[in-house]
Amino acid sequence: MRLATWNVNSVRARADRIVDFLSRQDIDVLAMQETKCADAKFPAERFTEIGYTIAHTGLDQWNGVAIASRVGLSDVRTSFPGQPGFAEPATAEARAIGATCASVRVWSLYIPNGRELGDPHYHYKLDWLGRLTSYAGEMLKQDPATRMMLVGDWNVAPLDEDVWDPELFVGHTHVSQPERDALTALAGTGFREVTRAFTPGPGTYTYWDYTQLRFPKRQGMRIDLAFASPALAPEVTGAAIDREERKGKGASDHAPVIVEIG
DNA sequence: ATGTCAGCTTGAAGCTGA
């Protein structure tokens, strides 16, 4: 199975590029983040007409996550148990969707940005990651052989080498110790990040800010990751970052990350 | 933060979020 995760930054603005990507890279399952539309506005026919089934959750112009699959798609869940909401009163956001595609339980995840250290959104981010880890641990406890992939835009750069200038990021989100500890805690359940081994750094990124000519200057961040359950991780045979998709007019600020399973 | 985007409100330019 060829599985990809991509923060598309608006599925409507990017539909042509996404469809082209699916065929160019021969993708079986695509997890999308930041679709930026309500369910009713999702351009589902662009996917169904080329053989993909869609599961999407989107409440408004913010967030929005989807899974497109041409190898089956069933048992859709539009949030994970315990997923926290934001603000007061806490309201659910469209940041997680799960579906079973072939023999793999796939979760498309858009982790909260955090905005600034100490911001309520930062605490929300840490809580969100903590609850996700609890859920992942519970799934492994129930079934140690579960075949699950947690993929998406994590908004955390796990290592200093995952940002082009670590000094510049001191005191900012995405690199703080609590955020990195949250990913380490997830790995502590047994889920393993499977893309780095095939896409070693330094200088290997999945996101480049639109401003400041970050992409041509090769100044990016590695924040789009894939965590595989213990049963599935040994079956991962490759991974790649499709930098081509960050080029040219109408690109998302994220590149797709492709994982080869089996 | 913003040498940039996207979507919304609203009626062209400003706001929010990233």
Side-chain angles (χ1 to χ4, degrees), chain A residues 5-21 31-44 46 56-66 84-88 90-96 108-129 151-158 162-176 179 182 205-225 241-257:
Chain A
T5 182
W6 191 6
N7 179 323
V8 295
N9 185 15
S10 171
V11 68
R12 288 176 290 171
R14 218 75 63 207
D16 288 345
R17 286 187 78 127
I18 298 167
V19 165
D20 288 349
F21 164 76
M32 288 171 267
Q33 300 85 39
E34 275 207 277
T35 58
K36 288 188 167 176
C37 67
D39 289 336
K41 293 186 174 180
F42 191 96
R46 296 299 308 274
H56 175 251
T57 181
L59 305 174
D60 51 29
Q61 72 268 43
W62 307 120
N63 314 306
V65 284
F86 182 58
E88 212 46 62
T91 51
E93 295 185 310
R95 292 183 179 275
S108 177
L109 305 168
Y110 179 43
I111 281 68
N113 172 287
R115 296 179 186 166
E116 289 175 41
L117 299 189
D119 190 287
H121 208 260
Y122 176 74
H123 298 294
Y124 169 51
K125 178 181 195 173
L126 295 177
D127 187 30
W128 209 98
L129 284 167
V151 304
D153 175 0
W154 297 76
N155 272 316
V156 178
D162 297 330
V163 297
W164 83 92
D165 183 358
E167 299 273 314
L168 208 59
F169 284 84
V170 172
H172 294 272
T173 61
H174 294 58
V175 301
S176 73
E179 290 166 271
Y205 309 125
T206 65
Y207 160 85
W208 300 261
D209 197 306
Y210 281 126
T211 69
Q212 310 284 137
L213 297 172
R214 292 297 186 213
F215 182 66
K217 290 180 179 171
R218 298 181 174 267
Q219 298 176 334
M221 309 173 77
R222 186 204 292 266
I223 55 178
D224 299 274
L225 307 166
I241 299 163
D242 190 355
R243 289 185 83 260
E244 291 302 306
E245 278 301 338
R246 184 59 180 81
K247 297 179 181 176
K249 192 170 165 56
S252 168
D253 42 2
H254 294 251
V257 178

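Residue numbers begin at 1 in each chain, while the letters A, B, ... track the order of the sequences. When reading the values below, keep in mind they use all heavy atoms of this one structure, side chains included, and skip hydrogens, waters and symmetry mates.
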Given [N], is OP1 or OP2 found less than 4.0 Å from the side-chain N or O atoms of [X]?
X: A:Lys41; N: B:dC8; result: yes
X: A:Thr211; N: B:dG3; result: no
X: A:Arg115; N: B:dA18; result: yes
X: A:Arg214; N: B:dG3; result: no

Subject >> Test: A:Arg214 and A:Asp209 ion pair at under 4.0 Å >> reply: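 So A:Arg214 does not pair with A:Asp209 through a salt bridge.
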Original post:
Is A:Lys36 salt-bridged to A:Asp60, cutoff N-O under 4.0 Å?
Top reply: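 A salt bridge is absent here (no side-chain N lies under 4.0 Å from a carboxylate O).
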Please report, rounded to the nearest Å, how far the [atom2] atom of [N] is from the [atom1] atom of [X].
X: A:Phe215; N: B:dG3; atom1: CZ; atom2: C1'; answer: 17 Å
X: A:Lys36; N: B:dG17; atom1: NZ; atom2: P; answer: 12 Å
X: A:Asn63; N: B:dT16; atom1: CG; atom2: P; answer: 17 Å
X: A:Asp60; N: B:dA18; atom1: CG; atom2: C1'; answer: 15 Å
X: A:His174; N: B:dA18; atom1: NE2; atom2: P; answer: 9 Å
X: A:Asn9; N: B:dA6; atom1: CG; atom2: P; answer: 7 Å
X: A:Asp119; N: B:dA18; atom1: CG; atom2: P; answer: 10 Å
X: A:Glu116; N: B:dA18; atom1: CD; atom2: P; answer: 12 Å

Take atom [atom1] in [N] and the same atom in [M], then report the distance between them in whole Å.
N: B:dG11; M: B:dC15; atom1: P; answer: 14 Å
N: B:dA1; M: B:dA13; atom1: P; answer: 26 Å
N: B:dT2; M: B:dA6; atom1: C1'; answer: 15 Å

Subject >> Nearest-nucleotide comparison on DNA chain B, the residue closer to the 5′ end among A:His172 and A:Ala251 >> reply: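 Upstream on the strand: A:His172.
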**OP:** Between A:Cys37 and A:Gly114, just flag the one whose closest nucleotide in DNA chain B comes earlier from the 5' side.
**Re:**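 Closer to the 5' end of DNA chain B: A:Cys37.
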What nucleotide, of [options], holds the atom closest to the side chain of [X]?
X: A:Leu213; options: B:dC8, B:dA18, B:dG3; value: B:dG3
X: A:Gln212; options: B:dA6, B:dG3, B:dA18; value: B:dG3
X: A:Asp209; options: B:dC8, B:dG17, B:dT2; value: B:dT2
X: A:Trp62; options: B:dT16, B:dA6, B:dC8; value: B:dT16

Original post:
Quick one: are the ring centres of A:Trp128 and A:Phe86 less than 6.0 Å apart?
Top reply: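 A:Trp128 vs A:Phe86: aromatic centres not under 6.0 Å.
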Subject >> A:Arg95 NZ/CZ over A:Tyr110 ring centroid, <6.0 Å and within 45° of normal >> reply: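 Positive - A:Arg95 is close enough to the ring of A:Tyr110 and near enough to its axis.
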**OP:** State which residue, out of A:Asp162, A:Val156, A:Val163, fulfils the side-chain contact (heavy atoms from CB on, under 4.5 Å) condition with A:Arg222.
**Re:**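 The single option meeting the side-chain contact (heavy atoms from CB on, under 4.5 Å) with A:Arg222 is A:Asp162.
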Subject >> Test item: A:Glu179 side-chain N/O and A:His174 main-chain N/O as donor-acceptor pair under 3.5 Å >> reply: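 Yes; judged by distance alone, with no hydrogens or angles, the pair exists.
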